[in-house]
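Below: the structure, in structure tokens.
Every heavy atom of this structure was used, including side-chain atoms; hydrogens, water molecules and symmetry mates were not.
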Amino acid sequence: MAIKIQTQAPEVPVLLGELEFSIPATDEYLKSFRLTQKEFLKELDQMDKKDSYEEDYEQSMRIVKKAYESLLGEGAFDKAYKQTPSIIILTKYFGQIAEGLEEEFKNMGLTQSQNEKVNKYLKQKKK
């Protein structure tokens with residue numbers, strides 16, 4: 001007798017307006033995702049307020065671009081900026097994408113600790 005297990009597609013689709021990205025739901029990506037979120041928030045907190053709008057804009061652009069590229073892949077920021085040419089709105093979108101991914105990873109059971117997974121399995125086993 002064979003044991004059949006239906007496998008999950010290890011990815012999460014992200015739609016941003018007309019753009020579509022595919023996010024891998026892997027351990028490595030989840031680790032990178034957490035690091036990207038922390039770095040993004042840290043860099044925004046530490047961002048120097050420049051004397052001119054241009055310098056502030058350039059620094060904001062660099063930080064947001066780095067976050068998009070890390071989260072959605074190379075070229076993602078340029079595509080998103082072409083579609084929505086506002087760094088402020090793209091920052092808002094980034095937050096929404098991060099929250100959505102967090103929820104999807106949670107629904108897939110990828111954010112539970114190993115302890116929680118073992119306890120959940122053992123509870124099911126007792127029934």
Side-chain angles (χ1 to χ4, degrees):
M1 180 167 129
I3 297 173
K4 286 188 170 185
I5 298 173
Q6 186 65 30
T7 59
Q8 292 177 255
E11 60 184 39
V12 176
V14 173
L15 302 174
L16 180 61
E18 299 295 318
L19 303 173
E20 186 172 348
F21 301 94
S22 181
I23 305 302
T26 63
D27 294 339
E28 188 64 32
Y29 183 83
L30 190 57
K31 181 180 170 183
S32 173
F33 172 66
R34 298 267 186 258
L35 185 60
T36 297
Q37 285 180 300
K38 285 181 184 178
E39 285 179 3
F40 179 71
L41 293 173
K42 183 180 176 182
E43 286 184 13
L44 283 180
D45 273 350
Q46 295 176 348
M47 191 171 94
D48 297 329
K49 297 295 178 192
K50 302 296 180 186
D51 291 334
S52 73
Y53 173 79
E54 230 175 85
E55 288 175 314
D56 191 42
Y57 171 79
E58 291 299 322
Q59 188 173 12
S60 297
M61 182 75 95
R62 182 188 54 76
I63 292 169
V64 175
K65 181 175 183 170
K66 179 180 169 186
Y68 265 78
E69 302 288 311
S70 181
L71 208 63
L72 300 174
E74 191 173 325
F77 176 81
D78 292 335
K79 291 175 188 174
Y81 192 77
K82 184 177 182 181
Q83 178 180 270
T84 307
S86 168
I87 198 69
I88 294 169
I89 295 173
L90 289 179
T91 301
K92 180 181 170 185
Y93 291 168
F94 179 82
Q96 292 172 340
I97 293 166
E99 286 176 18
L101 285 173
E102 190 69 49
E103 186 65 28
E104 286 297 317
F105 291 151
K106 182 180 176 184
N107 290 340
M108 295 172 91
L110 298 177
T111 58
Q112 294 177 323
S113 70
Q114 288 299 339
N115 236 8
E116 290 172 326
K117 288 179 185 178
V118 169
N119 287 336
K120 184 177 176 181
Y121 174 76
L122 291 175
K123 284 180 185 176
Q124 290 177 350
K125 190 79 170 163
K126 288 180 183 179
K127 291 181 181 181

Q: Could you please spell out the steps behind the side-chain contact (heavy atoms from CB on, under 4.5 Å) verdict for Ile23 and Phe105?
A: CA-CA 11 Å; Ile23 305 302; Phe105 291 151; 4.2 Å; yes

Q) So, for Ala76 and Phe21, which heavy atoms are closest and what is the spacing to 0.1 Å? A) CB-CE2, 3.6 Å

Q.
So, using ring-ring contact (aromatic ring centres under 6.0 Å, His included) as the criterion, who are the partners of Phe40 when residues are at least two apart?
A. Phe94

Q | Linked, directly or transitively: Ile88 and Tyr57 (ILVMFWY side chains, under 4.5 Å) | A | yes

Q: Might you point out which heavy atoms bring Thr36 and Ala67 nearest each other, and give the distance in Å?
A: CG2-O, 3.9 Å

Q: To the nearest 0.5 Å, tell me how far Lys42 NZ sits from Lys38 NZ.
A: 10.5 Å

Q) Is a donor on one side and an acceptor on the other found under 3.5 Å between the side chain of Gln83 and the backbone of Glu18? A) yes

Q) Could you give the distance from CG (Leu71) to CD1 (Ile97), rounded to the nearest 0.5 Å? A) 6.5 Å

Q. Can you check whether Phe77 reaches Lys66 side chain to side chain, under 4.5 Å on heavy atoms?
A. no

Q. Roughly how far, to the nearest 0.5 Å, is OG1 of Thr84 from CG of Leu16?
A. 6.0 Å

Q: Could you tell me whether a side-chain N or O of Glu20 sits under 3.5 Å from a main-chain N or O of Val14, the two making a donor and an acceptor?
A: no

Q) What is the minimum heavy-atom distance between Ala98 and Gln37, and which atoms define it? A) CB-NE2, 3.6 Å

(Q) Please say yes or no: joined through hydrophobic side-chain contacts below 4.5 Å, possibly via intermediate residues, are Leu35 and Leu44 part of one cluster? (A) no

Q. Do the charged groups of Glu102 and Arg34 touch, with an N to O distance under 4.0 Å?
A. yes

Q: Look at the side-chain heavy atoms of Ile, Leu, Val, Met, Phe, Trp and Tyr, link any pair under 4.5 Å apart, and say whether Met61 and Ile89 land in one connected group.
A: yes

(Q) So does Asp56 get a backbone contact from the side chain of Ser60, meaning a donor-acceptor N/O pair under 3.5 Å? (A) yes

Q: List the steps and the verdict of side-chain contact (heavy atoms from CB on, under 4.5 Å) for Lys65 and Asp78.
A: CA-CA 8 Å; Lys65 181 175 183 170; Asp78 292 335; 3.8 Å; yes

Q. Quick check: are there more than 12 heavy atoms from other residues, nucleotides or ligands sitting under 6.0 Å from CG of Asn107?
A. yes

Q: Check whether any side-chain heavy atom of Met108 lies under 4.5 Å from a side-chain heavy atom of Val12, and answer yes or no.
A: yes

Q | Ring-ring centroid check Tyr68 Tyr81, cutoff 6.0 Å | A | no

